[in-house]
> 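The following block contains the structure, expressed as structure tokens.
Heavy-atom basis, side chains included; hydrogens, waters and symmetry copies ignored.
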Amino acid sequence: MRMNRVPGPDLSVVVIVYNDAELLPTAVQSVLDQSLRSVEVVIVDDCSTDGSYEVAQALAELHPDRVRAFQLEQNSGGCGGPRNRGIAEVRGEYVVFLDSDDTLQHDACRNFLDAARATGADLVSGLTKRVQVRTGKSADWYPWLYTSTRTFESVGELPDLLVYDTLSTNMCYRRDFLRDNGLEFPVGIHYEDLLFSAQAYLAARRITLIPNHVYNWMVDDTGTRRSISNRRHEVENFVHRVRIHRQIDAIFRERGLDDLKLHKDTKFLKHDLVLHLRDLPFLDDDYRTQFSRLAREYMSRISQEAYERLEPIHRICAYLLMEEDWANLNPAIDTLINRQKLSVPLTERDGRVYWCAEHLDDERARAILDVTDLGYHAKPLRQMTLRAKLEQYRQTGQGIAVSGTVVNPLGRITEQAELKAAIELRPRRKGMRGITFPAAEVRHAGDHLTWRAEADLSKKLRPLGLLDPVWDIRLVLSIDGTPTVPMLITVGDAALETELPLRIRPRLSRLVADTLEVETSAKGHLAFVQVAQGSVSRRSRAGLDRALQGAPGTVAKNGLRRARGARKYVRSGETKIRVYHEVFSKLPVRKGTVVFESHLGKQYSDSPRAIYEEMRRQGVKFTAIWSYADRPEDFPADATLVKRWSFPYLRALAQAEFWIDNQGFPLKLTKRPETTYIQTWHGSALKKMGFDSPQLRVRTKDQQADYQRVLDRFDHFLIRSEHDARTLVPAFRLKDEVVLRSGYPRNDALVAALDAERKGGGRVRPDIVRELGIPEDRTILLYAPTFRNTAAGGVRKFEPPLDFDEFADRFGDRYTLLVRSHYLNTVVLPPSVRGRVIDVTSVHDVTPLFLAADAMITDYSSVMFDYALLDRPMVFFAYDYDEYVKDDRGTYFDLTKHAPGPVVRDVEGLYSVLDDLPRSESEWAVRRKQFVAEFGEYDKGDAARQIVSRFFRPGGSK
């Protein structure tokens, strides 16, 4: 650590300015107001023509001890020249750069200085907030870099620094470090920060990151004034960016930093290139030609490894740009900007799904354009955001006439489908209502739909005024009565005819605004903005704007912010928990009210369903309430449905006489003494549970006590064997009187099916076999693996160990494989296995799948205990057994010694068993009976009747 102080202020802030006289004082004041007082301001004017230098001089005269002003003799054409002059003029021990249209956070300089002196760092970097000028909304710039104070001896310890946060303005530099290393910004070229930051990171002997907000980057998206880096419609802008990257590449090559270059190249493709691609659909052919030539020349030198690190849509855009395939690139850019949107109809070939039909003769192109794993072909249409493209827009004086197309992915919207559509105008501000106009026409047109609509805005549209200035226009489509996700309308290359003004009358009067102007949003969508065009309106609006900047406006805006904050607080989890305990729990318990929940509201299934349906069969008089997490589809129509964590849900729990679920109602909700909680649980245990699991054992005593309070809510806990009594009961520290040795209600149907089969009734396949289109002569296998934990306790992405294409090719003429991933996971099957391998993860209740399956493949899932009741073959595909047992949370018994079927470690072992399944069935018959006797002794087929008889019939006890 350096002990010798450099004479002068502790820190110098170099403020650069060019033609920004209006905002310069605000930037300078943010420095003068710093909590660290020993700070000087060095203003460097880049030969402005609007009086900026005169403003700088006036500030220097007003603060002679703290502000100095300089001016370049001629304009440098960028930020590099004035910053270099600032480096030469500063007197502080440390240096910070500030642009005249931005500001420093109040404690930025103090936090920079404290960190620099504490760690001896040459360079200290903090968090930037990116603030939208028009809306005031802010977003943290790469916040994951700044979660804690960290010091590095080399940027090689954290290459992401050099790749992502390449601003120069959220950093504090030791002055001698800059001068000793000859660090200067390139002059006469944009994106100078990229090169300067790379050189500074590489030269620094020590780098410190601090978790403090230091810089406010003010982004003006109004179109009235844009920074150089935001003028991406100028091709010269991209020329400069590529030139800077070439210079950085040269430094990496010279120093042999191939790994850092790979990180940087990946970032260029994921970020730098994307910034320019966003504007490409709106620019002319001449620009596109120049841009693609420059891009191809540079991108062709980027390694294939960098491309392999990209997400599929990034790779697709890069490839189509290199091919100059504008027809497919423009919609791909739409998806790149709006990730949830599917912008093309897709194409299927040889059982794989591709982004487009072109280029597929080339092997590399097929690999890039293959989007099978994204699951577009399997995702329900109601959950997809399809691209609605504008073809024509016309203003009628009273309203608008619009028409366009909607993507029809893989022709899944058939010609026989009943189609309805409407356009909706909705304020962009959340919580405000929109208005809807039915479409005049929507019809099928092959790989897309066409639609047209008219909206008379004069009769329906009455905006409030200042609070809802921007309105988005969305298409709402219904297919066979099921609505899709509302679609923002992509403008693309459609002309926006605006000869006739759209007159409006806001509820705050026309003094606020009198006209709607159509615009293309930052993400390429059709929108309206309220403006004041008439002279009276303009004067009135200007007066209102001035008032909003003054004291009354400040009071009003603060009131609005408080109102928004109050609304957000009311909807917060903290408030809901308080309302539950302080309001709802004071209401009387409603006798006969039962709240059911299965797998955290994700399903209508399992033992809660079995109990519910038994209560209906027996004619029990009760008020049934089911909770759902996402959508209420497939939940019972004869029950009240409440969305999990909604206020109706909380009130229902607070007033219920019974809670019945198989996993756990929200942890922070205390159960009332008058409420009886029947916990059916969701499976016997192979994996260690509760206080036996290492994840819980390492928690603090307070955390363990909180968990115990959750378990203590159980009034009754169902078990199906003494194995459960030896494992689950002590693991959850349950009292003996809580335990019910009833078996699982969900398994009653399995016991009944086996009894019927043994009495000569034969095996009866459930309706789901016909619904899935499985031939009668096909043997059905059910593959039901469990989830995997990460070291941190999270859930890993499910990556099937089976090659489903290989499986289908080998066994597809004999077997149909049903794949049911754990409810915390998803699985995507390629179209090539259609009919031979079927994803049944979305089927709520697994019982019909058990009944349909002639054999089951699993690993460590608790489904083994349930399926065993059918006395059918099971194969245990334990490809990661050692890792699962040793590195996960451990098991209660050795599966390899107790499994009621062969345990195989690899795919060939699995295939070998499946090749002769009848032999496996007979060889393991005795072990299956032993397994049921040990792990399912209380599953006698009457569990649901026991529960209903005990709790829901006259004279029953609790």
Side-chain angles (χ1 to χ4, degrees), residues 1-16 27-44 59-60 63-70 79-80 82-99 102-128 146 149-155 161 165 167-185 193 196-197 199-215:
M1 184 180 298
R2 295 171 182 266
M3 302 301 296
N4 296 328
R5 280 288 315 276
V6 177
D10 288 325
L11 192 145
S12 299
V13 178
V14 176
V15 183
I16 64 169
V28 172
Q29 195 62 45
S30 76
V31 183
L32 297 176
D33 290 342
Q34 287 290 300
S35 57
L36 178 69
R37 304 307 296 168
S38 182
V39 178
E40 73 162 349
V41 182
V42 176
I43 306 174
V44 182
L59 290 168
H63 307 279
D65 297 330
R66 302 192 65 192
V67 179
R68 293 182 291 142
F70 303 90
C79 300
R83 284 180 183 159
N84 290 339
R85 176 67 181 274
I87 293 173
E89 300 291 349
V90 295
R91 297 180 296 204
E93 185 179 359
Y94 293 91
V95 182
V96 171
F97 299 106
L98 173 64
D99 293 346
D102 299 332
T103 60
L104 290 182
Q105 192 273 343
H106 177 66
D107 298 307
C109 292
R110 180 174 297 281
N111 288 327
F112 275 142
L113 186 67
D114 288 349
R117 287 184 171 167
T119 64
D122 293 327
L123 186 160
V124 179
S125 183
L127 179 68
T128 295
Y146 300 102
T149 298
R150 296 185 287 173
T151 299
F152 305 97
E153 303 300 320
S154 164
V155 71
L161 263 184
D165 196 353
L167 301 176
S168 64
T169 48
N170 62 328
M171 300 182 189
C172 174
Y173 311 85
R174 192 166 52 81
R175 185 189 68 179
D176 290 347
F177 161 70
L178 295 178
R179 293 180 177 175
D180 292 348
N181 287 278
L183 291 175
E184 291 188 340
F185 289 87
D193 277 11
F196 181 83
S197 296
Q199 293 172 320
Y201 279 135
L202 292 172
R205 294 178 299 104
R206 185 168 294 167
I207 301 164
T208 295
L209 308 185
I210 56 176
N212 304 98
H213 166 207
V214 296
Y215 196 84

> For Val31 and Leu98, what are the C-alpha separation, side-chain angles and deciding distance, and is it a side chain to side chain contact (heavy atoms under 4.5 Å, CB included)?
CA-CA 9 Å; Val31 183; Leu98 173 64; 3.7 Å; yes
> Does any non-hydrogen side-chain atom of Glu40 lie less than 4.5 Å from one of Val67?
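In short, these two side chains do not touch, never coming nearer than 4.5 Å.
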> Do we see a donor-acceptor contact under 3.5 Å between the side chains of Ser168 and Arg83?
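On atom types as modelled, these side chains qualify, holding a pair under 3.5 Å.
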> Could you grab the distance from atom CZ of Phe185 to atom CD1 of Ile16, nearest 0.5 Å is fine?
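Result: 8.0 Å between the selected atoms.
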> Do Val95 and Leu11 have side chains that approach each other closer than 4.5 Å (heavy atoms only, starting at C-beta)?
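Of all side-chain heavy-atom pairs linking Leu11 with Val95, none is under 4.5 Å.
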> Any chance you could measure Cys79, atom SG, to Asp193, atom CG, to the nearest 0.5 Å?
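Taking SG in Cys79 and CG in Asp193, the distance rounds to 7.0 Å.
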> Starting from the C-alpha separation in whole Å, work towards a yes-or-no answer on salt bridge (Lys or Arg N to Asp or Glu O under 4.0 Å) for Arg117 and Glu93.
CA-CA 11 Å; Arg117 287 184 171 167; Glu93 185 179 359; 3.0 Å; yes
> For the side chain of Arg179 and the backbone of Ile87, is there at least one donor-acceptor N/O pair under 3.5 Å apart?
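Yes; at least one donor-acceptor contact below 3.5 Å.
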> When rounded to the nearest 0.5 angstrom, what is the spacing between CZ in Arg37 and CZ in Arg110?
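Here the rounded value is 10.0 Å.
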> Applying side chain to side chain contact (heavy atoms under 4.5 Å, CB included), run through Asn111 and Leu113 and close with a yes or a no.
CA-CA 6 Å; Asn111 288 327; Leu113 186 67; over 6 Å; no
> Looking at every non-hydrogen atom in both residues, tell me the closest pair between Ser125 and Met171 and how far apart they are.
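Closest pair (atom of Ser125, atom of Met171, distance): OG-CG, 3.8 Å.
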> Would you call Ile210 and Phe112 a side-chain contact if the rule is heavy atoms closer than 4.5 Å?
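Heavy-atom side-chain distance check passes, below 4.5 Å.
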> Which atom pair, heavy atoms only, marks the closest approach of Ser35 to Asp107?
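Between these two residues, the closest heavy atoms are OG-OD1, 2.7 Å.
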> Strictly distance-based, threshold 3.5 Å: is any side-chain N or O of Arg68 a donor or acceptor partner for the main-chain N or O of Glu89?
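Looks like yes, one N/O pair under 3.5 Å.
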> Locate the shortest heavy-atom distance separating Leu104 from Cys109; write the atom from each residue and the value.
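Looking at all heavy atoms of both residues, the shortest contact is CD1-SG, 4.0 Å.
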> Do the non-hydrogen side-chain atoms of Leu209 and Thr149 ever get within less than 4.5 Å of each other?
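A side-chain contact under 4.5 Å is absent here.
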> Would you check if the side chain of Thr208 reaches a backbone N or O of Ala121 as a donor-acceptor pair within less than 3.5 Å?
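Looks like no, no N/O pair under 3.5 Å.
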> Please report the interatomic distance CG(Asp99) to OG1(Thr103), rounded to the nearest 0.5 Å.
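These two atoms lie 11.0 Å from each other.
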> Could you tell me whether a side-chain N or O of Gln34 sits under 3.5 Å from a main-chain N or O of Gln105, the two making a donor and an acceptor?
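At least one qualifying donor-acceptor pair exists.
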> What are the two closest heavy atoms between Leu167 and Ser197, and how far apart are they?
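Nearest pair, atom of Leu167 first, then Ser197: O-OG, 3.4 Å.
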> Would Val42 and Phe70 count as a side chain to side chain contact (heavy atoms under 4.5 Å, CB included) here? Give the steps.
CA-CA 8 Å; Val42 176; Phe70 303 90; 3.8 Å; yes
> Do Phe177 and Tyr94 come close enough that some side-chain heavy atom pair is under 4.5 Å?
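Phe177 vs Tyr94: side chains apart.
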> Nearest heavy-atom pair of Ala108 and Val214: which atoms, and what distance?
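For Ala108 and Val214, the tightest heavy-atom pair comes out as CB-O, 3.3 Å.
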> Does the side chain of Val39 reach to within under 4.5 Å of the side chain of Pro9, using non-hydrogen atoms?
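Not in contact.
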> If we count only N and O atoms by modelled type, under 3.5 Å, do the side chains of Tyr201 and Ser154 hold a donor and an acceptor together?
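On atom types as modelled, these side chains do not qualify, holding no pair under 3.5 Å.
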> Go through it in stages, so that I can follow the logic: the residues are Arg174 and Asp122, the test is salt bridge (Lys or Arg N to Asp or Glu O under 4.0 Å), and I'd like the CA-CA distance, side-chain angles, deciding distance and then a yes or no.
CA-CA 5 Å; Arg174 192 166 52 81; Asp122 293 327; 2.7 Å; yes
> Please report the shortest heavy-atom distance between Ala203 and Asn181, naming the atom on each side.
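Residues Ala203 and Asn181, closest heavy atoms: CB-OD1, 3.9 Å.
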> Is the shortest heavy-atom distance from the side chain of Thr151 to the side chain of Ile207 under 4.5 Å?
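Counting from C-beta outward, Thr151 and Ile207 never come under 4.5 Å.
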> Take Tyr173 and Leu183, measure what side chain to side chain contact (heavy atoms under 4.5 Å, CB included) needs, and give me the verdict at the end.
CA-CA 11 Å; Tyr173 311 85; Leu183 291 175; over 6 Å; no
> Under 3.5 Å, is there a donor on one side chain and an acceptor on the other for Asn170 and Asp165?
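Side chains of Asn170 and Asp165: pair found under 3.5 Å.
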> With a 3.5 Å distance limit and no angle check, can you tell me whether His106 reaches the backbone of Asp33 through a side-chain donor-acceptor pair?
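Present.
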> Please check: side-chain N/O of Ser12 versus main-chain N/O of Val90, any donor-acceptor pairing under 3.5 Å?
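Side chain of Ser12 to backbone of Val90, a donor-acceptor pair under 3.5 Å: no, none is there.
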> Does Phe97 have its ring centroid less than 6.0 Å away from the ring centroid of Tyr215?
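No; Tyr215 has its ring centre 6.0 Å or more from that of Phe97.
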> Do Val15 and Val44 touch side chain to side chain, with heavy atoms closer than 4.5 Å?
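They are not in contact (no side-chain heavy atoms under 4.5 Å apart), so the answer is no.
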